[in-house]
Amino acid sequence: MIGWPIKHSRSPLIHNYWIEQHGLDAAYRREEVAPEAFADFISRLSERGYVGANVTIPHKEKALALSRPDDRAEAVGAANTLWYDHGHLYSTNTDVEGFTANLDAAVPGWELRVAEAVVLGAGGSARAVICGLIERGINQIHVVNRTPERSEALHARFGAAIRPVHWAALPHVLARAGLLVNCTSLGMTGQPPLPIDLDPLPTHAVVADLVYAPLETPLLAAARARDLLTADGLGMLLHQAVRGFQLWFGVRPQVTPDLRAAVEADLGR
Ligand code: NDP
């Protein structure tokens with residue numbers, strides 16, 4: 001896992017759990033790499049003994065430019081997973097399938113509930129979520145963001161499916177939404193609360209939060225208080241790790257209750 005800084009990542013816990021479970025002679029390590037050293041580090045990844053890497057802030061855009069990106073990484077405009085194939089370095093963005101696979105696990109058949117979706121936020125994770133929603137056929141996505149220029153930029157990137165909306169209009173779009181996704185950092189420990197009233201949401205709506213610290217965010221608690229179905233941020237974090245592991249080691253790992261409990265225990269420390 002290459003980042004700057006890198007201390008808080010839970011990815012080593014997840015991948016080393018799977019490495020041990022599958023009896024592999026391998027290790028997943030943190031590498032703190034400054035922005036100016038990233039290109040050189042990536043060019044010598046295999047010389048350092050690595051079969052691939054995850055990449056996080058602030059390197060995701062540079063990783064895209066320095067590799068052969070797949071359609072998802074191109075669509076999102078950022079790569080978080082690198083692997084070698086026949087000596088070439090490829091990249092993808094696993095947040096896309098992490099988001100949809102977690103929804104599939106938490107609310108099977110969720111698409112049937114969703115004609116319109118509301119996405120809060122317009123940063124990197126919002127781009128991955130939008131890419132996943134469009135892949136799954138959701139073509140009316142209202143994007144609500146503090147800085148309107150960023151939601152308008154998403155309209156330019158993803159096309160007519162994206163409808164930029166101001167915060168003031170949120171109750172109107174919630175009333176028609178089958179899915180609400182929080183892709184802002186609001187509600188995270190140490191960040192301001194997410195100012196939202198879920199009353200307008202229909203009873204069949206699903207609520208997903210990408211924030212996973214705390215595990216049960218005030219948004220998820222409010223949704224559960226209304227008996228709405230939910231998908232949490234830790235589930236997405238676990239599911240997004242699956243494809244990287246498979247690309248590096250040739251084994252598709254499982255997201256199990258035991259793995260989840262191990263990460264929950266670590267988050268609780
Ligand atoms: P970015 O920095 O790219 O985007 C942050 C978003 O939050 C922007 O839309 C920003 O709005 C909004 N925001 C931040 N502060 C405020 C505020 N005070 N008021 C209103 N809006 C605000 O971050 P990411 O998209 O990468 O990540 C967002 C969250 O998702 C983080 O909490 C991250 O931990 C989580 N995440 C979880 C993943 C998982 O696997 N569960 C994967 C990826 C991310 P503006 O554009 O106006 O600045």
Side-chain angles (χ1 to χ4, degrees), residues 1 3-11 13-15 54-61 63-64 72-73 76-81 92-106 118-133 141-157 162 164-168 170 180-196 207-220 230-245 255 259-260 263-264 266-267:
M1 167 61 89
W4 178 262
I6 193 67
K7 291 181 187 62
H8 300 297
S9 168
R10 259 71 192 195
S11 293
L13 177 60
I14 299 168
H15 288 288
N54 281 136
V55 177
T56 189
I57 293 168
H59 302 312
K60 290 185 184 182
E61 282 80 14
L64 180 86
R72 282 180 175 160
V76 174
N80 71 351
T81 301
T92 187
N93 191 309
T94 61
D95 282 340
V96 178
E97 68 216 77
F99 171 68
T100 52
N102 183 43
L103 265 181
D104 289 337
V118 174
V119 170
L120 306 176
S125 65
R127 296 202 302 271
V129 163
I130 287 167
C131 183
L133 291 175
I141 305 169
H142 306 280
V143 180
V144 183
N145 195 50
R146 174 181 59 179
T147 310
E149 293 76 19
R150 292 187 88 190
S151 37
E152 280 146 24
L154 294 185
H155 176 76
R157 173 178 282 273
I162 305 304
V165 175
H166 285 273
W167 273 99
L170 185 54
L180 167 67
V181 190
N182 177 34
C183 302
T184 73
S185 45
L186 297 176
M188 192 172 152
T189 308
Q191 297 292 316
L194 175 64
I196 189 168
V207 176
D209 202 339
L210 267 56
V211 172
Y212 55 85
L215 271 178
E216 175 158 279
T217 60
L219 174 67
L220 293 177
T230 59
D232 70 10
L234 177 56
M236 173 169 164
L237 183 74
L238 298 174
H239 281 281
Q240 68 77 32
V242 168
R243 179 123 188 275
F245 193 90
V255 174
L259 169 62
R260 193 183 155 99
V263 181
E264 276 188 19
D266 191 65
L267 283 168

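Order of listing sets the numbers, starting from 1, for every ligand and every atom in it.
- Between A122 and ligand 1, at least one N/O pair is under 3.5 Å apart.
- For atom 23 (O) of ligand 1, the protein comes within 4.0 Å by no heavy atom at all.
- In this structure, atom 44 (C) of ligand 1 lies nearest to the protein heavy atom S125 CB, 3.7 Å.
- Less than 4.0 angstrom separates some heavy atom of Y212 from each of these atoms of ligand 1: 41 (N).
- Within the 4.0 Å heavy-atom criterion, the part of V211 lying near ligand 1 is the side chain and not the backbone.
- Contact between G98 and ligand 1 is absent, with no heavy atom of the residue lying under 4.0 Å from the ligand.
- Among protein heavy atoms, atom 48 (O) of ligand 1 sits closest to R146 NH2, 2.8 Å.
- Remark: atom 11 (O) of ligand 1 lies closer than 4.0 Å to at least one protein heavy atom.
- Under the 3.5 Å distance criterion, with hydrogens and angles disregarded, no donor-acceptor pair is assigned to the side chains of N80 and N54.
- With respect to atom 29 (C) of ligand 1, the closest heavy atom belonging to the protein is T184 O, 3.5 Å.
- For the pair L210 and ligand 1, the shortest N or O to N or O distance falls below 3.5 Å.
- The parts of L237 lying near ligand 1 are both backbone and side chain, judged by heavy-atom distances below 4.0 Å.
- No salt bridge links D95 with R243; every basic N to acidic carboxylate O contact stays at or beyond 4.0 Å.
- Taking any N or O of W167, backbone or side chain, none lies under 3.5 Å from an N or O belonging to ligand 1.
- The shortest N/O to N/O separation between L186 and ligand 1 does not fall below 3.5 Å.
- Distance check on atom 14 (C) of ligand 1: some protein heavy atom falls below the 4.0 Å cut-off.
- Each of the following atoms of ligand 1 lies closer than 4.0 Å to a heavy atom of R150: 8 (C), 45 (P), 46 (O), 48 (O).
- Atoms of ligand 1 found under 4.0 Å from any heavy atom of M188, numbered from 1 in the order shown, are 32 (O).
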